[in-house]
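Just so you know, these numbers use all the heavy atoms, side chains as well, and skip hydrogens, waters and symmetry mates. One-based numbering along the sequence shown.
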Amino acid sequence: MTGGVDGDLLMAHCAEFAKRVKLSGTPEELESFRYLQRCLDDYGCRTELLFHNAYISLPGAARVEALGRELTCITHSFSLNSPAGGLSAPLVDLGSGSEADFAARDCKGRIGLVDGIASPAVAARAKAAGAAGLLHVSHHEYVHEMCISPVWGNPSGATIEAMPTAIVCTIAAADGAALREALAQSATMAITLHAVVDTGWRQTPLLVAHIDAPAGENAPFVLMSGHHDTWYYGVMDNGSANATMLEVARLLAAQKSELRRNVRICFWSGHSHGRYSGSTWYADLNWRDLDRRCAVHVNVDSTGGVGATVCGENGVVAALAGLARDATQAEAGQKHLGKRPSRSSDQSFWGIGIPSMYGSVSHQAAGQEKMRHALGWWWHTPEDILDKIDRDFLVRDTRIVLHTMWRLTTDPVLPIDPREQLDSLAEQLAAIRSLPADFLAPIEVALSRVRSAFDVLEGSPPDDEAACGKRDIALMRACRAIVPLDYTRGDRFNHDPALPQNAWPSLDDLRALAAAPSGSDGSHFALVAATRSRNRLLSALQDAEAAAKAG
């Protein structure tokens with residue numbers, strides 16, 4: 001199947017995407033969405049071009065007045081606009097912008113100088129510390145566009161208060177070094193930030209395509225998604241990935257009579273400029289349908305980059321690690337490392353309980369990047385143009401995604417193994433054994449029972465089509481119970497912030513109890529939350545056991 005990938009067609013799609021800057025909600029983006037729709041219609045897919053309101057932030061002009069001159073800079077999505085005349089305030093060096101860095105300095109009303117790419121985490125710390133502004137320093141001559149909102153998707157009345165409250169800009173490494181040198185020689189130093197940011201509600205597009213299997217419209221489906229909005233031309237991020245998605249759609253549609261499960265393909269807007277507003281809106285609007293029928297989410301981002309030689313370090317939910325190992329070995333000849341997914345890449349479906357694969361598929365070799373993602377120095381800059389795509393790597397990455405989608409849609413039983421995720425939970429529980437044995441015991445018993453139930457299930461392969469369909473439903477229902485525990489705080493209907501999280505964040509209250517001094521007021525307070533979290537864990541494990549026994 002993967003031998004049919006057409007490299008010339010992939011590059012032709014990339015050349016089309018290189019024609020337009022695709023900011024969320026703009027006419028240029030919509031024109032490019034219509035190209036996607038025409039292609040998918042030609043391949044025989046059923047398509048819907050939807051529109052919805054999204055809270056979008058498009059950075060405009062920015063500059064920094066410092067060192068007796070104007071420094072070239074950019075501002076960021078969801079930065080505040082500067083007042084007339086700019087924001088003038090003392091500069092304070094915050095190093096890497098860690099929690100300890102903020103705690104060590106008085107930031108109130110000041111501008112923090114921070115190494116590294118702008119991020120929601122640093123913006124949230126600045127808000128808590130009362131900083132008026134942030135000036136990020138890139139690690140090289142290029143400055144990288146970023147969205148700094150920690151709110152996942154459109155803000156609600158409950159989450160709008162978490163939005164950033166600082167004016168945020170980024171400068172190049174040389175200017176940052178000059179500022180630090182001057183700051184070291186002066187007890188106080190004031191700078192001025194100027195930033196214009198267009199933030200507000202606007203209509204954005206969302207393209208949905210369907211490939212209908214013979215099983216019918218109510219059969220389970222595999223969701224393949226990727227964002228179409230870009231910073232600048234964004235030929236790698238995310239044009240090449242969109243080319244991969246089109247090619248996978250073309251080949252699957254041509255073989256749809258062989259599919260056991262349906263395919264749904266979504267192209268999002270609002271990824272770069274709305275903190276995943278498109279995928280979040282879609283998850284909220286279609287919650288019941290996704291809960292009932294979506295088996296797996298395959299996210300596709302930034303395929304085929306020049307120098308992207310590493311294919312085994314993309315993020316995969318543990319229950320799908322076996323499939324990732326097979327696809328990566330077969331199509332790239334590399335070992336997949338089973339890396340845990342980060343909270344990024346339109347992963348808006350974990351709360352529902354849908355397991356996911358990928359995001360970025362290939363990366364630069366270790367040691368070449370100091371950014372958040374090893375996707376090339378051109379990532380989120382005007383240099384992300386057609387010459388950053390390696391045709392052979394793009395074919396390779398597309399083959400990996402196609403292999404994955406073919407298995408997910410044609411295997412007699414979904415290639416999902418919840419036992420790998422349960423083993424991960426056991427490892428996490430082992431790390432917090434300072435909890436009282438009688439507190440942990442019910443969880444360990446429940447975990448042992450569900451693990452045994454899946455061992456029995458794996459040892460009894462289904463013998464006909466009806467039994468295979470029943471097994472699929474059992475695996476999906478088990479994921480609905482387990483995945484939210486592994487990747488969210490446990491609320492299936494809301495979205496956690498776009499901030500770093502621990503593995504199995506549903507265990508955080510148990511970790512807090514283990515860390516609290518025995519017999520202290522803090523330990524009593526922690527026990528309240530930990531008991532409730534234990535109840536959530538027990539309920540989920542019991543649901544997963546019931547699903548295994550029903551399969």
Distance flag, aromatic centroids of [Y] and [X], threshold under 6.0 Å:
X	Y	value
His495	Trp350	no
Phe33	His228	yes
Tyr276	Trp268	no

Self-check item: More than 12 heavy atoms of other groups within 6.0 Å of Arg340 CZ
Solution: yes

Salt bridge present between [X] and [Y] (N-O < 4.0 angstrom):
X	Y	answer
Asp509	Arg536	no
Arg419	Asp423	no
Asp212	Lys256	no
Glu331	Arg325	no
Arg511	Asp508	yes
Glu31	Arg34	no
Arg46	Asp41	no
Arg343	Asp496	no

Can you confirm whether the side chains of [X] and [Y] place a donor and an acceptor under 3.5 Å from each other?
X	Y	value
His271	Asp229	no
Thr204	Ser24	no
Asp397	Thr303	no
His210	Glu48	yes
Asn53	Gln203	yes
Tyr35	His13	yes

Minimum heavy-atom distance [X]-[Y], with the two atoms named:
X	Y	result
Ala253	Tyr43	CB-O, 3.4 Å
Asp291	Ile352	CA-CG2, 3.7 Å
Ala241	Val300	CB-O, 3.5 Å

Self-check item: side-chain hydrogen bond (donor to acceptor under 3.5 Å, both in side chains) contacts in which one or both residues fall within residues 539-551, not counting sequence neighbours
Solution: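 side-chain hydrogen bond (donor to acceptor under 3.5 Å, both in side chains) check on residues 539-551 returns Arg449-Glu545, Glu545-Lys549.
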
Exercise. Quick one: which residue pairs count as a side-chain hydrogen bond (donor to acceptor under 3.5 Å, both in side chains) with a foot in residues 459-468, not counting sequence neighbours?
Key: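 Passing the test, one end in residues 459-468: Arg260-Glu465.
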
Quiz item: Residues two or more places apart in sequence or in another chain: which of them pass salt bridge (charged side-chain N to carboxylate O under 4.0 Å, His left out) with Asp42?
Solution: none

Quiz item: Is Arg264 positioned over the aromatic face of Phe221, cation under 6.0 angstrom from the ring centre and no more than 45 degrees off axis?
Solution: yes

Quiz item: Checking Arg275 against Phe78: charged group under 6.0 Å from the ring centre and within 45 degrees of the axis?
Solution: no

Quiz item: Would a 4.5 Å heavy-atom cut-off, applied to side chains only, mark Ser362 and Asn314 as touching?
Solution: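 With C-beta onward as the side chain, the pair stays apart.
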
Self-check item: Note, Leu40 side chain near Leu207 side chain (heavy atom, < 4.5 Å)
Solution: yes

Quiz item: Distance-only, no hydrogens or angles: does the Ser345 side chain make a donor-acceptor pair with backbone N or O of Gln347 under 3.5 Å?
Solution: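 Checked: no pair found.
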
Quiz item: Counting only N and O atoms by type, is there a donor-acceptor contact under 3.5 Å from the side chain of Arg261 to the main-chain atoms of Leu408?
Solution: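 Here the side-chain-to-backbone pair exists.
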
